[in-house]
Amino acid sequence: MTKDQVAASLKEIGTILELNGENPFKCRAYLNAARTLETSPTDLAELVRTNRLGELPGIGDALREKITTLVTTGKLPYLDELRTSIPSGLLPLLDLPGLGPKKLRALREKLKIESLEALTQACQDGRLASLDGFGEKTATNLLDSIQRRATYRKLHRLGTALPAAQSLLTHLRACPAVHQAEIAGSLRRGKEIVKDLDLIASSNKPKEVMKVFVSAPNVEKVVAHGETKSSVILTGGIPCDLRVVPPEAWPTALAHFTGSKEHNIALRQRAIDQGLHLSEWGLLKGKSKTPLKLKDEKDLHQALGLSFIPPELREDSGEVAAAEKNELPDLLTRDQIRGCLHNHTLASDGQDTLATMAQAAAELGLDWLGIADHSKSSFQANGLDAQRLEKQIEEIGVLNSKKPKCTLLSGTECDILKGGKLDFPDSLLQELDYVVASVHSGFTSDEKEMTDRIIRAIENEHVTCLGHPTGRLLLEREAYPLNIPKILEAAAANGTWIELNANPWRLDLDWRWWHKARDLGVLCCINPDAHKTSHLRFLDFGVTLARKGWLRPHDVINTRTLAQLRKLL
DNA sequence: GCCGTTTTCGGCCCGACTGTTTTCAGTCG
């Protein structure tokens, strides 16, 4: 059983226990363990084999035993038994906003509700409203939730969420009552997928700010409208929360609403250990009612004995311990990016010419731009054959002879065929400045086959960089099965770079692996995979995700000057 | 169910909003 499958099983246990009215802390222990596994970059099978599971935080004897059983046998009698205690239609009901374990339990015991249909019926015929603790409003809201279910459940890619948040932010900042306003939540932490948008503002007139917020042009429905907190659904279905705090609470509030939840818990625990009390309203010393004076988040972290923790790192994955020892990495920044390697033109499936792409890259401040059009086996993308590629190499030579602001490099995005053979012969590959090798076919292979296939390409001396390593399309297509630790080791052994594909649909390799990759000595290449000039801006997403993966400037080849790059190549 | 250099038992982050209530439980982030 894979790590994600084990994590899903633990989550299921925690949820069923909640529904059965178990001790909430016991439930949380299972949910915490699931998260620990999901975020741990280590190989689960390896941990089990070497009996080191217990070293993970939050995993004690009971969980170690259950995880071991899951990994080695693929089953868990305890979970099977739990499943028989609840009907299959019950769990999905928990996804409805406003319906938690306690209410669902009451509905099940008093009204025998065990499915969406039964719930809808009870809301409509008045039985639900007549229950203790329920009422008319609850029934209406639940019916509304059921109707909007698809919308509420939707997740959103960074590429769509960020522009929506920025436009709301502009709307808020135009309000004179607003002191400061910022994007918070998972979006500020640079998550590749977000559930909702979190905005925060400081003001002495919160009511006015809230009024401006709920009446913003792209608000479709107001879910909650309070003095300091409101929730809306935007057209397109993205939920958005706004919190408004007085200006003096800005640093603690910004930190609080940026999260993550787990990071916040770690910080609050740290505050308690130091005789302090931390909440969104401020940092209090002992029994004092007056918050310490803080200028910004840096001040807050300092007051807790920490160096400043950038938002991207706040996932409770070692950042607090590193900040305590002043060992946080000096993260990559956008202005350090000088070029990128994986871009397309009209020759294959891109929409702009070589010259236009070079011009656009220069306008973004890039010194060098690699062109890597598809190879011949990618028929669907009008891949180049040897002859057309030779012609492109010549064209690039001509353009470069005019000494443009941004120098072009000749490359290819060469298909890795089944079995690991490349789509072009070595004799052609060696004429190029570099080679990005990617998989575009045969996604149904099993893990071993796909891993071997890719490693064979990594071992080819002409392959510079592995393109979009897992082939995932966020919220659309799963990654193909791959042993990523093995891929990373092969890349390290052969000096092959790994792409961080910055297209918001991909963001592949996933940020969760980069810390490990970095420690293995694997170099990262951030690539927009641009199919038109406007896509070059995807580099911003790439930088965010690289930061999230703890990458420093020298871990990323995009920071090299053209001369340094040529030497490396 | 996990955890511990004050604790091996008794804690486990903290607060806003809603809807149902006359003081609070449930849900959410």
Side-chain angles (χ1 to χ4, degrees), chain A residues 10 13-14 17-19 21-36 53-67 78 93-107 128-142 144-145 152 184-189 194-200 206 210 214 222-232 239-245 249 252-253 255-273 275-284 304 316 320:
Chain A
L10 296 182
I13 294 174
L17 290 178
E18 267 186 323
L19 276 181
E22 256 290 1
N23 175 351
F25 297 106
K26 180 172 166 180
C27 307
R28 195 191 296 172
Y30 279 95
L31 301 175
N32 283 345
R35 194 179 172 278
T36 300
L53 257 183
E55 290 173 16
L56 294 178
I59 295 185
D61 292 343
L63 272 157
R64 193 188 60 224
E65 225 166 84
K66 293 193 174 80
I67 294 170
Y78 176 64
L93 297 186
L94 273 181
D95 289 341
L96 291 170
L99 197 54
K102 300 261 173 57
K103 280 200 165 133
L104 189 49
R105 190 150 179 250
L107 290 175
L128 185 132
S130 67
L131 276 186
D132 271 356
F134 291 73
E136 277 303 328
K137 195 75 208 229
T138 315
T140 319
N141 284 347
L142 274 177
D144 201 38
S145 295
Y152 275 110
S186 50
L187 202 52
R188 181 160 180 250
R189 300 199 310 278
V194 304
K195 200 167 109 252
D196 62 3
L197 313 179
D198 292 292
L199 299 178
I200 169 157
M210 281 307 177
V214 298
V222 179
V223 180
H225 183 173
E227 247 182 69
T228 68
K229 176 187 171 178
S230 295
S231 300
V232 301
C240 177
D241 293 341
L242 172 67
R243 307 285 306 238
V244 182
V245 298
T252 42
H256 175 85
F257 296 118
T258 297
S260 64
K261 185 179 155 195
E262 290 76 11
H263 170 88
N264 286 350
I265 291 174
L267 282 199
R268 288 212 197 89
Q269 191 56 56
R270 189 177 171 83
I272 292 171
D273 294 344
L276 300 163
H277 173 96
L278 175 62
S279 82
E280 58 263 53
W281 301 112
L283 184 64
L284 303 174
L304 294 170
D316 192 28
V320 178

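Letters A, B, ... are given to chains in the order of the sequence lines, protein chains preceding strands, and every chain is numbered from 1.
- Proximity note for S279(A) (side chain, C-beta onward) versus dG19(B), dG15(B), dG1(B): the nearest is dG15(B).
- An OP1 or OP2 oxygen of dG15(B) is reached within less than 4.0 angstrom by a side-chain nitrogen or oxygen of H277(A).
- L267(A) comes within 4.0 angstrom of nothing in the nucleic acid, heavy atoms only.
- Scored by the side-chain contact (heavy atoms from CB on, under 4.5 Å) test, E55(A) finds R52(A) as partners (sequence neighbours excluded).
- Note: T258(A) OG1 to L187(A) CG = 10.5 Å, rounded to the nearest 0.5 Å.
- To the nearest whole angstrom, the two P atoms, one in dC14(B) and one in dC9(B), are 25 Å apart.
- dG26(B) and dT20(B) have their C1' atoms separated by 10 Å, given to the nearest Å.
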| note | Once base and sugar-phosphate atoms are separated, protein heavy atoms under 4.0 Å mark nucleotides 22-29 of chain B, 5' to 3', with B, S and - as ----SSSS
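- Rounded to an integer number of Å, the gap from NZ of K137(A) to P of dT21(B) is 15 Å.
- Between L63(A) and L10(A), the closest heavy-atom pair is CD2-CD2, 4.0 Å.
- Rounded to the nearest Å, the gap between the P atom of dT8(B) and that of dG4(B) is 13 Å.
- Distances shown here put a side-chain N or O of T228(A) below 4.0 Å from the OP1 or OP2 atom of dC17(B).
- A straight line from CD of E227(A) to C1' of dG15(B) spans 15 Å, rounded to a whole angstrom.
- Across dT23(B) and dT18(B), the matching C1' atoms stand 15 Å from one another, rounded to whole Å.
- What separates NE2 of H225(A) from P of dT18(B) is a distance of 9 Å, to the nearest Å.
- Distance check: L278(A) CG to L267(A) CG gives 6.5 Å after rounding to the nearest 0.5 Å.
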Every protein N/O within reach of nucleotides 2-6 of chain B N/O, cut-off under 3.5 Å:
{"unit_1": "dC2(B)", "atom_1": "OP1", "unit_2": "G60(A)", "atom_2": "N", "d": "2.7"}
{"unit_1": "dC2(B)", "atom_1": "OP1", "unit_2": "G60(A)", "atom_2": "O", "d": "3.3"}
{"unit_1": "dC2(B)", "atom_1": "OP1", "unit_2": "L63(A)", "atom_2": "N", "d": "3.1"}
{"unit_1": "dC3(B)", "atom_1": "OP1", "unit_2": "G58(A)", "atom_2": "N", "d": "2.8"}

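- Separating the CZ atom of F134(A) from the P atom of dT21(B) is a distance of 11 Å, rounded to the nearest angstrom.
- What separates CZ of R243(A) from C1' of dG15(B) is a distance of 7 Å, to the nearest Å.
- Residues R64(A) and G54(A) come closest through the heavy atom pair CD-N, 4.0 Å.
- As the counterpart of dT8(B), no nucleotide is assigned, since no Watson-Crick or G-U wobble pattern has both distances under 3.5 Å.
- Comparing the same atom, P, in dT21(B) and in dA25(B) gives a spacing of 13 Å after rounding to whole Å.
- Between E280(A) and R243(A), at least one side-chain nitrogen of the basic residue sits less than 4.0 Å from a carboxylate oxygen of the acidic one, meeting the salt-bridge criterion.
- Atoms CG and CG, on L283(A) and L276(A) in that order, are 5.0 Å from each other to the nearest 0.5 Å.
- Salt bridge D273(A)/R270(A): absent, no basic N to carboxylate O contact under 4.0 Å.
- When the side-chain nitrogen and oxygen atoms of N141(A) are compared with OP1 and OP2 of dG19(B), one or more of them lie within a distance under 4.0 Å.
- Both Y30(A) and N264(A) lie near DNA chain B, and the one whose nearest nucleotide falls closer to the 5' end is Y30(A).
- As judged by a 4.0 angstrom heavy-atom cut-off over every strand, F257(A) is placed among residues making no nucleic acid contact.
- The shortest distance between the side-chain N/O atoms of T138(A) and the OP1/OP2 oxygens of dT20(B) is below 4.0 Å.
- Closest approach of D316(A) and A266(A) over heavy atoms only: OD1-CB, 4.0 Å.
- Considering only side-chain N and O atoms, W281(A) lies nowhere under 4.0 angstrom from the phosphate OP1 or OP2 of dC14(B).
- Between the P atom of dC12(B) and the CD atom of E22(A) lies a distance of 19 Å, rounded to the nearest Å.
- At least one side-chain heavy atom of W281(A) sits less than 4.5 Å from a side-chain heavy atom of T228(A).
- The nearest pair of heavy atoms linking A184(A) to I200(A) is CB-CG2, 3.9 Å.
- At whole-Å resolution of the value, CG in N32(A) and C1' in dC12(B) are 10 Å apart.
- Heavy-atom nearest nucleotides on DNA chain B were determined for F25(A) and for G226(A), and the one closer to the 5' end corresponds to F25(A).
- Atom C1' of dC2(B) sits at a distance of 14 Å from the matching atom of dT7(B), rounded to the whole Å.
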